Visitor: 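Sharing a structure, written as structure tokens. Questions coming.
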Amino acid sequence: MLGPVILAASRSDRIRRLVSAAPVTKQVVNRFIPGESVDDVVPIIQDLTSRGLELTMDVVGEDITTPAQAATARDAYLELIDRLEPLQLGARAEMSVKLSMFGQALEDGHELAFKNVRPVVEAAAAIGTTVTLDAEDHTTLDSMFAIHEELRKDFPETGCVIQAYLFRTEADARRLAADGSRVRLVKGAYNEPAEVAHQHKHEIDKAYVRILKTLMDGEGYPMIGSHDPRLISIAQELAHRAGRKLDEYEFQMLYGIRSDEHLRLAAEGHRMRVYTAFGTDWYGYFMRRLAEKPANLRFFARSMITKG
């Protein structure tokens, strides 16, 4: 399986330098990451929302080693919110955050991450939108869920992400579906050991469907994070069986992947949210996109051969 190999490469400084220096890299990265600054992405936001799509914005960057860097990450989100305010998009443009960017892995990281993320959630609420806490590797999840629970006391619309490949997720989904959370379900994109996660695609797909059924039958707001046509069809059927209206769940897909499907779902009346990342520290995000889907890797490799 190439996925674990690529995920290991995402932590290699040597491969980072090699990939970053390749002449074709920027062209390929632009498929998934449309800009490095807020100025770059504001026109993208306006274009996508004009087409009936919604967005969740992610400022990419994960290698945080100091509290000062964590504060810089916080300020990048606050700048984004300042630029979103005059667009008056409300919840049509929300934010996704990784708590590792806010200092979660540092000394006293749980408290530091909460201290940094709360002003972002407050600022988002002030312009009528919200924040979703992304899931990272399994060692970070207890902290993420605790911060999520604390934030929801004052900002109940704060969302979180759960990953179908982890064994723990079915229990997490039952807990979250019962209390009205906004929950994005994804397959998972970290190199997790067999002790904590399914290792084969068919096992992950079956777990995804079981968990999605729990979310659809619950009291929360499911967000289906998948590009898989079969899972999208199953999600629609489960929503129908659960008696959910079109505005009682949503689909989420990555910027640059299956863009025609984004528009098709929106045209059918579904809420369709595009996960749109931007920033200069793109390497880890980019490598996980390659690991998630072999077609992405083939696209990159073919570009390296024909353009390099």
Side-chain angles (χ1 to χ4, degrees), residues 54 56 58 90-92 94-100 102 104 110-111 113-188 196-197 206-226 231 234-252 270-271 273 275:
E54 305 184 23
T56 185
D58 174 14
R92 294 175 64 200
E94 65 149 38
M95 270 127 306
S96 288
V97 304
K98 290 178 174 60
L99 292 176
S100 60
F102 293 90
Q104 187 185 43
H110 179 84
E111 291 77 14
F114 179 74
K115 177 183 176 182
N116 282 325
V117 76
R118 185 178 173 93
V120 175
V121 175
E122 289 177 342
I127 68 165
T129 191
T130 189
V131 170
T132 294
L133 306 184
D134 276 335
E136 301 182 71
D137 75 80
H138 76 278
T139 65
T140 68
L141 295 184
D142 286 341
S143 170
M144 185 274 281
F145 285 129
I147 289 173
H148 174 246
E149 184 176 353
E150 189 65 26
L151 288 170
R152 289 195 69 235
K153 292 177 182 177
D154 294 322
F155 306 98
E157 293 299 308
T158 305
C160 70
V161 176
I162 56 177
Q163 301 166 104
Y165 67 172
L166 294 176
F167 299 146
R168 65 172 289 169
T169 300
E170 293 193 49
D172 289 331
R174 287 192 293 270
R175 171 177 56 83
L176 291 165
D179 72 355
S181 295
R182 295 171 62 254
V183 183
R184 180 196 305 148
L185 175 62
V186 300
K187 289 186 179 181
V196 302
K206 288 193 292 185
Y208 193 104
V209 173
R210 291 193 302 269
I211 295 163
L212 184 55
K213 185 177 188 304
T214 296
L215 296 178
M216 287 293 189
D217 289 342
E219 299 174 7
Y221 179 79
M223 301 181 285
I224 303 103
S226 178
L231 291 180
I234 290 172
Q236 291 174 301
E237 177 60 26
L238 290 176
H240 176 72
R241 291 182 187 178
R244 286 183 177 265
K245 299 176 182 177
L246 291 180
D247 62 353
E248 294 177 340
Y249 63 97
E250 68 183 49
F251 292 101
Q252 296 194 2
H270 294 285
R271 295 190 67 183
R273 193 176 299 274
Y275 190 109

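We use all heavy atoms of the structure for the numbers below, so side chains are in, but hydrogens, waters and symmetry mates are not. Just so you know, residue 1 is the first one in the sequence shown, and it goes up from there. Keep in mind that this is a model prediction, so the values were computed, not measured.
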Visitor: Minimum heavy-atom separation for C160 to L176, with atom names?
Guide: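 Nearest pair, atom of C160 first, then L176: SG-CD1, 3.7 Å.
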Visitor: Test side chain to side chain contact (heavy atoms under 4.5 Å, CB included) on V97 and L133 and set out the steps.
Guide: CA-CA 5 Å; V97 304; L133 306 184; 3.5 Å; yes
Visitor: Can a salt bridge be assigned to the pair R241 and E237 using a cut-off of 4.0 Å between side-chain N and carboxylate O?
Guide: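 So R241 pairs with E237 through a salt bridge.
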Visitor: Using 4.0 Å as the upper bound for N to carboxylate O, is an ion pair formed by D58 and K98?
Guide: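 Yes, K98 and D58 are salt-bridged.
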Visitor: Compare every heavy atom of S143 with every heavy atom of H110, then report the nearest pair and how far apart it is.
Guide: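 Reported closest heavy-atom pair: ND1-OG, 2.7 Å.
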Visitor: Search all heavy atoms of S226 against all heavy atoms of Y208 and return the closest pair with its distance.
Guide: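 That closest heavy-atom pairing would be CB-OH, 3.7 Å.
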Visitor: How close do R184 and S96 get, counting heavy atoms only, and between which atoms?
Guide: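 Reported closest heavy-atom pair: NH2-OG, 2.7 Å.
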Visitor: Can you measure from CG (L185) to OH (Y249) and round to the nearest 0.5 angstrom?
Guide: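 OH of Y249 is found 15.0 Å from CG of L185.
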Visitor: Hey, does the side chain of T214 reach the backbone of A173 with a donor-acceptor pair shorter than 3.5 angstrom?
Guide: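 Not at all, since once roles are kept as given, no pair shorter than 3.5 Å links the two residues.
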Visitor: If we only count heavy atoms from C-beta on, is the V120 to F102 side-chain gap below 4.5 Å?
Guide: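 V120 vs F102: side chains touch.
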Visitor: So, taking the atom named CG in D154 and the one named CZ in R118, what distance separates them when rounded to the nearest 0.5 Å?
Guide: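 Going from the CG atom of D154 to the CZ atom of R118 covers 4.5 Å.
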Visitor: Would you call R182 and E94 a salt bridge, using N to O less than 4.0 angstrom?
Guide: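 A salt bridge links R182 with E94.
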Visitor: Sort out for me which residue in T56, D134, T132 forms a side-chain hydrogen bond (donor to acceptor under 3.5 Å, both in side chains) with Y275.
Guide: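 The passing option is D134.
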Visitor: For the CD atom on Q236, are there more than 12 heavy atoms of other groups (residues, nucleotides or ligands in this structure) within a distance under 6.0 Å?
Guide: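 Correct, the count exceeds 12.
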Visitor: Measuring from L238:CG to D217:CG, what's the distance to the nearest 0.5 Å?
Guide: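 Answer rounded to 0.5 Å: 7.5 Å.
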Visitor: Measure from NZ or CZ of R271 to the centre of the six-membered ring of Y221 and say whether it is under 6.0 Å with the direction within 45° of the ring axis.
Guide: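 No, cation not above the ring by the 6.0 Å, 45° rule.
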Visitor: How many angstroms lie between atom CD of E250 and atom NE2 of H270, to the nearest 0.5 angstrom?
Guide: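 One finds 12.5 Å between CD of E250 and NE2 of H270.
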Visitor: Does E170 use its side chain to pair, donor to acceptor, with the backbone of R210 at less than 3.5 Å?
Guide: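 No, because the side chain of E170 does not come within donor-acceptor range (under 3.5 Å) of the backbone of R210.
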Visitor: Between atom CD1 of I211 and atom CZ of R174, what is the distance when rounded to the nearest 0.5 Å?
Guide: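 The distance works out to 9.5 Å.
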Visitor: Can you name the closest pair of heavy atoms from A124 and M95 and give their distance?
Guide: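 Looks like CB-CE, 4.0 Å.
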Visitor: Once you round to the nearest 0.5 Å, how far does CD1 of I147 lie from CZ of R152?
Guide: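 Atom-to-atom, I147:CD1 and R152:CZ are 15.0 Å apart.
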Visitor: Provide the closest heavy-atom pair for L166 versus H138 in the form atom of the first, atom of the second, distance.
Guide: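 Nearest heavy atoms, L166 then H138: CD2-CB, 4.2 Å.
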Visitor: Is a side-chain donor or acceptor of Q163 paired with a backbone partner of E136 at a separation under 3.5 angstrom?
Guide: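 Yes: the side chain of Q163 pairs with the backbone of E136.
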Visitor: Could you check if a side-chain atom of L151 sits within less than 4.5 angstrom of a side-chain atom of F114, using non-hydrogen atoms only?
Guide: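 A side-chain contact exists here, since the closest heavy-atom pair is under 4.5 Å.
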Visitor: Could you tell me whether the side chain of I224 reaches within less than 4.5 Å of the side chain of L231, counting heavy atoms only?
Guide: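 No - every pair of side-chain heavy atoms lies 4.5 Å or more apart.
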Visitor: Does any part of the side chain of R168, heavy atoms only, come nearer than 4.5 Å to the side chain of D142, both counted from C-beta?
Guide: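 Yes; the side chains approach each other to less than 4.5 Å.
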